[in-house]
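In each ligand, atom 1 is the first atom listed, and ligand 1 is the first ligand listed.
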Amino acid sequence: MDTMLSVLKQYFGFSDFRPYQKDAIQKIIEKRDCLVVMATGSGKSLCYQVPPLVVRKTGIVVSPLISLMQDQVMALKQRGIKAEYLGSAQKDSTVQRKAEQGQFDILFMTPEKACTVPTSFWSNLLKEGISLFAVDEAHCISEWGHDFRVEYKNLHNLRSVLLDVPFVGLTATATEKVRFDIINSLKLKNPYVLVGSFDRSNLFYGVKPFSRGQSFVDELVQEISKVVSSGSTIIYCTTIKDVEQISKSLAEAGIEAGMYHGQMDKKSREESHRLFVRDELQIMVATIAFGMGIDKPNIRQVIHYGCPKSLECYYQESGRCGRDGIASVCWLYYTRSDFAKGDFYCGDLKTETQKRAVMESLLAAERYCVLATCRRKFLLEHFGEQYPADRCGNCDNCTVSKKERDMSREAFLLMMTCSDYFLQHLVTKYGDHFLRVIQQLSQGLNLSLDGEANLLNNEVRKLSTVSVKNSSKKLTPAKFEAWKMWHEDGLSIQMIANFPGRSAPIKEQTVAEYLLEAAQEGLPFDWSRFCEVIGLTQEIESEIQGAILKVGSKDKLKPIKDELPENVTYQHIKTYLTMQSCGVSKDDIQTQKDSESEIQQVETHCEANISDHSLMEKCDLEMDKVASRPVEFTTKRQKVSDMKEINSTDFKATENSILEWLKHHDEGVSENSKRVFALWLQF
Ligand SMILES: Nc1ncnc2c1ncn2[C@@H]1O[C@H](COP(=O)(O)OP(=O)(O)OP(=O)(O)O)[C@@H](O)[C@H]1O
């Protein structure tokens with residue numbers, strides 16, 4: 001114990017361990033496998049940095065990000081600790097040889113490198129002694145984690161090579177499912193599991209909806225100008241375009257700010273990073289490429305200009321704030337289009353589990369944003385930690401008055417039902433009336449505006465009675481319900497598949513099949529919307545037609561599929577055949593181009609949270625492709641028109657009808673008003 005403390009003092013200059021650090025270090029020295037799950041900024045690094053210095057044997061640390069390893073190596077060297085890294089960016093060819101001779105106290109490795117160095121490397125190093133094999137950011141092992149990395153999956157192979165070496169997984173963002181996966185995947189033996197509190201009590205959490213654009217940026221710049229002298233600020237953007245726009249506006253306002261994103265060259269990024277870390281620049285405007293491993297103590301404010309893709313990402317990024325324990329502020333600004341990027345985020349994901357994990361994380365982020373109750377409680381409970389009180393007193397929902405809190409929830413609803421221009425007009429001119437109407441609506445529906453509304457699926461769905469009845473014997477209630485959600489409520493296939501009211505999500509492909517069956521049974525069907533969603537173009541239709549002619553029969557799908565190029569799926573063929581049997585010709589179908597849909601604005605962004613430079617750029621390029629990919633999202637107008645087709649009542653949620661509400665709000669809540677309100681509350 002004395003050696004541990006003297007190492008802590010000698011190398012790190014700290015007088016005492018934080019409680020869990022001592023435990024973890026002790027267990028690692030005793031050669032026990034460990035899983036350390038602790039809050040951002042809680043000091044997990046010391047858990048793997050101290051044991052090698054105590055037992056005087058190399059500690060191996062697997063880390064996902066080269067720049068992060070480089071920073072850590074530099075910081076450790078400055079403390080007189082012999083540290084190095086092995087990975088594609090290592091230019092010094094002697095490092096590997098020195099490493100296997102046990103010349104380093106701590107050796108960082110990328111997961112790829114750890115899995116590909118020759119076995120002789122490990123056997124030589126084992127002769128010198130290995131104190132631990134740590135896997136930092138261990139959530140990357142799990143398909144349920146927010147940044148699954150397939151290379152992490154292979155690390156367990158080293159278990160049979162590194163016999164008698166304690167394996168240690170460390171992460172700040174692991175739900176119970178992810179913890180379970182880490183233990184299994186790394187084959188941890190009787191691990192000592194340390195799960196600390198995720199609470200960062202010095203951080204204030206606030207969320208606001210916003211309209212992306214110059215006028216909001218101008219407001220933001222004004223706000224920043226007020227706090228620029230009180231500490232550092234990071235502004236996280238979801239796109240490079242936003243980074244550039246905000247940086248430009250800050251510069252025009254005479255505020256010096258650094259910029260960091262994946263399209264900048266390495267040197268400029270390093271320079272930006274260096275200036276920020278050394279307090280030569282107080283503001284950093286960055287994509288999520290800047291984040292992991294940023295351990296600057298005095299960041300007083302983290303602002304998100306757009307919602308991240310998961311609550312875990314948000315926790316990580318906001319976790320850069322207030323690492324010195326001093327009160328600091330995290331504001332998240334979101335638009336509803338942030339939550340419609342699920343298809344993109346699922347992009348190239350291979351397994352259903354990964355896709356489901358991404359959708360769940362995005363939904364959690366959305367719920368966090370529209371929440372009207374304590375944000376800290378929600379955040380902690382997401383990670384499986386019970387928060388003992390209902391209010392933390394340090395988030396926007398716990399510090400504003402009840403009235404104000406309700407207004408923010410309503411403002412969100414307002415945003416969802418109005419165009420930006422109309423919203424502005426309404427709020428300026430009729431704001432109070434409108435809010436009163438929404439309050440009335442919520443009462444009419446017996447809904448709470450305190451954050452429970454999203455969970456009211458069953459009640460709310462009852463309101464969506466339609467004139468179309470399920471008279472088909474073939475169409476099961478589940479299939480009819482899926483059709484109703486799609487056709488009547490305008491929900492996307494993705495939303496239907498993951499509908500919160502369902503006991504378990506179903507596959508999107510299954511939903512698509514349900515819908516085709518409904519169409520076949522003669523229910524009203526928007527073929528152009530469906531074809532657009534599944535990417536069935538006229539060109540593909542012609543190809544399928546040709547393939548059927550060639551095969552000479554349409555009884556079996558496989559021979560038809562075999563005649564077609566890879567990009568034509570079974571789904572395309574099935575849809576084509578269903579359309580034929582319904583008597584729908586391709587001329588009846590016009591590809592719907594929804595220029596209004598905000599999802600189309602998905603811009604070049606997405607530097608994967610954990611990625612190296614090349615990966616980031618690949619990701620940026622991929623985002624370019626998104627605009628041309630068939631994306632499913634239903635705008636309010638589509639939804640209204642869809643509903644109108646089958647409703648006997650004249651239902652419209654237009655600007656005029658909302659103004660009508662305002663005029664007659666004292667006369668009670670109409671059924672139609674209830675319906676549009678209920679519909680939006682579902683997501
Ligand atoms: N025992 C200690 N006493 C004082 N400060 C400490 C102690 N342990 C760690 N710290 C400091 O706490 C800060 C955060 O530590 P560290 O970077 O290890 O956190 P982390 O848990 O890895 O966070 P993240 O998951 O966000 O990267 C560092 O600046 C570190 O020097």
*For ligand 1, which atoms, with element, lie under 4.0 Å from some heavy atom of Ala39?*
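Close to Ala39: 21 (O).
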_ligand 1 atoms in contact with Ser45 (distance to a heavy atom under 4.0 Å)_ =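 The atoms of ligand 1 under 4.0 Å from a heavy atom of Ser45 are 16 (P), 17 (O), 18 (O), 22 (O).
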*Any donor-acceptor N or O pair under 3.5 Å, side chains Arg212, Thr238*: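 Per modelled atom types, Arg212 and Thr238 side chains form a pair under 3.5 Å.
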Min N/O separation [X] to ligand 1 under 3.5 Å:
X     : value
Gln21 : yes
Leu8  : no
Thr40 : no
Leu46 : no

Counting only heavy atoms closer than 4.0 Å, does ligand 1 sit against the backbone of [X], its side chain, both, or neither?
X      : value
Arg320 : side chain
Met38  : neither
Pro297 : neither
Asp16  : backbone

_Does Lys267 form a salt bridge (charged side-chain N to carboxylate O under 4.0 Å, His left out) with Glu270? I'd like the steps, not just the answer._
CA-CA 5 Å; Lys267 211 167 148 231; Glu270 280 173 3; over 6 Å; no
*asked:* Restricting to side-chain hydrogen bond (donor to acceptor under 3.5 Å, both in side chains), what partner residues turn up for Ser42, sequence neighbours left out?
replied: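 Ser42: side-chain hydrogen bond (donor to acceptor under 3.5 Å, both in side chains) contacts with Tyr20.
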*Going by the side-chain hydrogen bond (donor to acceptor under 3.5 Å, both in side chains) test, name the single residue among Arg300, Arg323, Gln301 that passes it with Ser328.*
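Answer to the side-chain hydrogen bond (donor to acceptor under 3.5 Å, both in side chains) test with Ser328 among Arg300, Arg323, Gln301: Arg300.
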Donor-acceptor contacts under 3.5 Å from residues 45-58 side chains, at least two apart:
unit_1: Tyr48; atom_1: OH; unit_2: Gln72; atom_2: NE2; d: 3.0
unit_1: Tyr48; atom_1: OH; unit_2: Asp136; atom_2: OD2; d: 3.4
unit_1: Thr58; atom_1: OG1; unit_2: Phe104; atom_2: O; d: 2.7

*Under a 4.5 Å cut-off applied to non-hydrogen side-chain atoms, are Glu385 and Ser197 in contact?*
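They are in contact (side-chain heavy atoms under 4.5 Å apart), so the answer is yes.
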*Starting from the C-alpha separation in whole Å, work towards a yes-or-no answer on side-chain contact (heavy atoms from CB on, under 4.5 Å) for Gln316 and Glu137.*
CA-CA 11 Å; Gln316 279 274 5; Glu137 313 298 352; 3.6 Å; yes
*Has Gly319 got any heavy atom lying under 4.0 angstrom from an atom of ligand 1?*
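False for this residue.
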*Inspect the surroundings of CD in Gln101 and state if more than 12 heavy atoms from other residues, nucleotides or ligands are less than 6.0 Å away.*
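Check passes, neighbour count above 12.
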